[in-house]
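Atom set for the values below is all heavy atoms of this structure, side chains included, hydrogens, waters and symmetry mates excluded.
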Amino acid sequence: MVSSEVFWLTAITVPVLSLLIWMRVRGLEYVIINYRWVLVCFFLLPVSITYDVVFFIRNWIIFNLNSAPKMHDKRVEDIQKQVKQWKEDGCKQPMCTSRPGWQTISPRVGLYKKTMRNIHVNLVDILEVDTKRRVMRVEPLVSMGQITAMLNPLGWTLPVLPELDDLTVGGLIMGVGIETSSHKYGLFQHTCLSYELVLADGSLVKCSKDENPDLFYTAPWSYGTLGLLVAAEIQIIPAKKYVKVDYRPAHTFEDAINTFKEEVNKKADNEFVEGLMYSDKECVIMTANQTDHADSNKINAIGNYWKPWFFKHAETCLKRGAFTEYIPLRHYYHRHTRSIFWELQDIIPFGNNPIFRYLFGWMVPPKVSLMKLTQTKTARRMYEQRHVIQDMLVPMADLSSALKCFDKELKLYPLWLCPFFLPSQPGLVHPDSDQDEMYVDLGAYGTPHREGFHFRETTRRVEEFVRSVHGFQMLYADSYMTREEFRQMFDHSLYDKLREEFKCKKAFPEIYDKICKAARL
């Protein structure tokens with residue numbers, strides 16, 4: 001009996017001690033960064049797929065029973081009551097939504113929620129799809145995955161539909177949203193027809209180009225600091241079955257820039273334009289158009305779980321040369337979802353291996369929110385210091401100098417190039433002149449390889465460059481700008497006027513106080 005106990009004690013103790021000794025030798029930081037896949041594969045992936053299935057069934061039932069519009073009015077009334085109660089309690093703390101910071105797509109968790117009055121905004125439903133008016137009405141927490149699952153089978157889609165499934169309408173309006181069709185339609189906000197907000201006094205206000213236009217133009221990018229978004233009307237357009245994608249390689253810096261600009265300027269011929277820079281010289285430019293007819297030998301359902309990650313598939317163009325294929329529409333929209341662009345390769349290094357894809361690919365990707373929830377302080381600090389997630393928006397005319405700046409400061413590839421049309425309209429973000437202008441989003445996601453990289457100093461130099469060309473930083477990411485620099489980048493003139501008019505000073509913090517580094521963990 002004793003020998004049996006000794007055996008089991010030894011069998012358990014030796015592996016544990018060996019693991020602890022190995023962790024001691026390699027260092028905790030090394031283990032956290034290089035072996036996070038253990039937690040992701042054995043815990044987060046199963047939980048993520050369960051969450052997705054349950055949420056999809058729930059949304060389908062609610063929409064088909066048409067109960068969401070009736071529930072919407074009651075939920076909005078509840079939000080108004082909460083705001084009015086805040087006033088009765090003496091307006092002691094600014095307000096924000098109670099949605100936990102870990103549930104957002106941003107890599108950071110907002111600390112400000114702990115010191116503010118939390119307002120419960122549980123608005124997650126598609127309210128109406130009106131094909132006659134070509135409009136859909138949705139609540140702010142509706143995700144892009146919900147929208148495509150609902151609209152595409154009906155033969156409709158959004159003009160601008162950002163890639164990742166978990167991006168929400170509210171985040172794309174109050175923050176920003178972009179897609180490879182943005183060179184035609186603008187940012188996500190430019191496809192919206194109206195917003196409904198609960199203001200600081202508890203009143204419900206609707207705004208559009210013709211009704212409360214100042215609020216309509218200033219709400220985007222305001223991060224809930226003018227009011228609480230409770231609904232939005234968005235344009236919808238007819239959808240087709242496939243997207244015909246043409247892949248074209250570029251092997252010099254000049255060829256990449258020239259080809260990209262040339263394709264962007266063909267607005268009438270290219271519904272979608274996207275570029276992936278794989279080095280300072282090599283790039284794949286993709287142009288695409290919707291179609292109902294496809295060559296059966298060239299159909300690539302890239303969204304199937306066993307398929308290679310899209311950015312790896314596109315990279316083959318550099319060796320095989322130009323080619324054309326047809327991707328089912330919903331697969332195209334969410335082509336970067338499975339690999340979270342290319343972020344997943346740093347979390348699951350073997351994730352694109354065919355064996356892993358066939359056995360476990362159906363559970364990918366893990367929910368970003370769950371990864372944040374399970375991230376330790378040490379892991380968060382390590383990722384902040386060694387990892388970059390940034391989207392910088394610069395004028396197309398400055399694309400060449402912007403790419404050189406990114407290479408000099410980060411040396412991080414792939415880089416995502418997404419063009420967008422920026423109209424000259426009032427609000428926080430508009431061209432420097434009174435003329436419409438073409439911009440491009442440079443998306444940098446991953447571990448920089450530039451010697452001397454320092455997360456704060458490097459980011460500040462990039463921010464300085466972006467300000468110098470009258471560009472903008474997407475505010476979901478880390479920002480190290482001072483308040484004065486932030487106001488230099490974003491036009492606060494109309495925003496400040498509305499803050500005063502709607503008595504927001506006590507009700508909501510300023511944008512900077514929600515997005516600056518001090519406000520985020």
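- Between Y278 and F311 there is a side-chain heavy-atom pair separated by less than 4.5 Å.
- D280 and Y413 are not linked by any side-chain donor-acceptor pair at a separation below 3.5 angstrom, with hydrogens and angles left out of the test.
- Judged by distance alone, the side chain of K113 and the main-chain N or O of T97 form a donor-acceptor pair under 3.5 Å.
- Sparse packing is recorded around NZ of K506, with 12 or fewer heavy atoms of other residues, nucleotides or ligands lying under 6.0 Å away.
- Using the six-membered ring where Trp is involved, F341 and Y445 have ring planes that are tilted, between 30° and 60° apart.
- One finds a salt bridge joining R335 and E163 here, because a Lys/Arg side-chain nitrogen approaches an Asp/Glu carboxylate oxygen to under 4.0 Å.
- Applying the side-chain hydrogen bond (donor to acceptor under 3.5 Å, both in side chains) test to residues at least two apart or on different chains, the pairs with a partner in residues 186-205 are R137-E196, Q189-W221, S194-E233, D201-S203.
- By the 4.5 Å heavy-atom criterion applied to side chains, L123 and I79 are counted as neighbours.
- Note: F486 and F490 have tilted aromatic rings, judged against thresholds of 30 and 60 degrees for the angle between ring planes.
- Look at R460 and E457 and you find no salt bridge, because none of the NZ, NE, NH1 or NH2 atoms lies under 4.0 Å from a carboxylate O.
- The neighbour count for E464 CD, taken as heavy atoms of other residues, nucleotides or ligands under 6.0 Å away, does not exceed 12.
- At least one side-chain heavy atom of I257 sits under 4.5 Å from a side-chain heavy atom of L403.
- Looking only at atom types and distance, the side chain of T148 has no donor-acceptor partner in the side chain of N152 under 3.5 Å away.
- No side-chain donor-acceptor contact under 3.5 Å links T459 and Q390.
- A salt bridge between R386 and D346 is absent, with no side-chain N of the basic residue lying under 4.0 Å from a carboxylate O of the acidic one.
- Inter-residue side-chain proximity for P238 and W156 is flagged as met; some heavy-atom pair is nearer than 4.5 Å.
- With sequence neighbours left out, the ring-ring contact (aromatic ring centres under 6.0 Å, His included) criterion links F420 to Y439.
- Using a 4.0 Å cut-off between a side-chain N of Lys or Arg and a carboxylate O of Asp or Glu, E128 and R133 do not qualify as a salt bridge.
- Residues Y217 and H430 form no side-chain contact, since every pair of their non-hydrogen atoms from C-beta on lies 4.5 Å or further apart.
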